[in-house]
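Values below: all heavy atoms of this structure, side chains included; hydrogens, waters and symmetry mates excluded.
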Amino acid sequence: MSTPQDEPPHLVSVEEFLAGPPGSFGEIHDGALITAMAQSPEHDLVVRRLAAAVEYAIDPQSPCREVHSDTPIRLADADLPDPHRRLRVRYPDLILRDCTDGPYDVQYVARQVLLIVEVTSEDTVDTDIGIKRELYAREGIPVYLIVHFGKDWQRVTEIEECRLDWSGRRYVTRHTHTDALVLTEPVSMAITFAELQSRLPRRRY
């Protein structure tokens, strides 16, 4: 996502954001609305397959867990003097949240997130590996997965598994998955890269 350099930023105040439906705005960083870029079919396919895999991996006997895709979460406000440059809102490609506290609420959902995923694209890769990695860590989100494509942006080549370090405020890369994504926490799951990019969903037996 990017904001055209030749246009003044569209600023969104906290009050304006709270007054409207949460989905009425796009991503917002330091109060500035970020222009949304259309994603490729390859990006969309991976998000859908990964969301289905995470949802299927939820243990029905576990506490309440929910998967959301491209839904807004409000992050901690920027520590800036201008009240119009504080709001931060992101639309992750995928989150798994602890829903024992109640229904989804854009104001508080960040503290409920157990797993967050961004699938990179040519337009978003710098943000996904840069500022989002920093912001999500500051929120204390335990696991951040970054899905990387090859140079042609057609095939997934690796998935970076980031987990919080001892400070609880920074991510370190715990593992780089190259053929399949295998997790034990916060869900136990395994899905190959071929399945992530299959045009047909996995069969359930």
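If you chain together hydrophobic residues whose side chains sit under 4.5 Å apart, Val113 and Ile131 fall into the same group. Both Phe149 and Val125 are assigned to one and the same hydrophobic cluster, defined by single-linkage of ILVMFWY side chains at heavy-atom distances under 4.5 Å. Cluster annotation: Phe25 is connected to Leu87 through the hydrophobic network of ILVMFWY side chains, with a link wherever side-chain heavy atoms come within less than 4.5 Å. Connection of Leu45 to Met189 is not established within any shared hydrophobic cluster, with ILVMFWY side chains joined at heavy-atom distances below 4.5 Å, either directly or through further cluster members.
Annotation: side-chain contact (heavy atoms from CB on, under 4.5 Å) contacts of Pro103 (sequence neighbours excluded): none.
Between Tyr104 and Arg97, the shortest heavy-atom contact is N-NH2, 3.0 Å. Of all heavy-atom pairs spanning Asp30 and Ala78, the tightest one is OD1-CB, 3.2 Å. Minimum heavy-atom separation, Ser62 to Asp59: OG-O, 2.6 Å. Listed here is the closest heavy atom pair of Leu196 and Ile159: CD1-CD1, 3.9 Å. Taking both residues in full, the closest heavy atoms of Leu96 and Pro186 are given as CD2-CG, 3.9 Å, listed atom of the first, atom of the second, then distance. Taking every heavy atom of both residues into account, Pro63 and Thr100 meet most closely at CB-CG2, 3.7 Å.
Counting only distance, with no hydrogens or angles, the side chain of Thr120 and the backbone of Val147 share a donor-acceptor pair below 3.5 Å. One N or O on the side chain of Arg86 and one on the backbone of Leu80 form a donor-acceptor pair closer than 3.5 Å. Under a 3.5 Å cut-off, the side chain of Arg90 and the backbone N or O of Ile73 do not form any donor-acceptor pair. Between the side chain of Glu161 and the backbone N or O of Arg174, no donor-acceptor pair lies under 3.5 Å. Side-chain atoms of His43 come within 3.5 Å of backbone N or O of Val119 as a donor-acceptor pair. Formation of a donor-acceptor pair under 3.5 Å by the Thr124 side chain with backbone atoms of Thr127 is not found in this model. Of the possible donor and acceptor atoms, none in the side chain of Arg65 sits under 3.5 Å from a partner among the backbone N and O of Asp98. Counting only distance, with no hydrogens or angles, the side chain of Gln197 and the backbone of Glu42 share no donor-acceptor pair below 3.5 Å.
In this structure, the side chains of Tyr136 and Leu75 come closer than 4.5 Å at one or more pairs of heavy atoms. Looking at heavy atoms from C-beta onward, Leu18 lies in side-chain contact with Gln107 at the 4.5 angstrom threshold. Under the 4.5 Å side-chain criterion, counting only non-hydrogen atoms from C-beta, Arg163 is not in contact with Pro142. Considering only heavy atoms from C-beta on, Glu55 stays 4.5 Å or farther from Val187 through its side chain. With a 4.5 Å cut-off on side-chain heavy atoms, Ile95 and Ile141 do not count as touching.
Within a 6.0 Å radius of CG in Asp165, more than 12 heavy atoms belonging to other residues, nucleotides or ligands are found.
Among residue pairs with one or both ends in residues 140-156, those qualifying as side-chain hydrogen bond (donor to acceptor under 3.5 Å, both in side chains) are His148-Glu160; sequence neighbours excluded.
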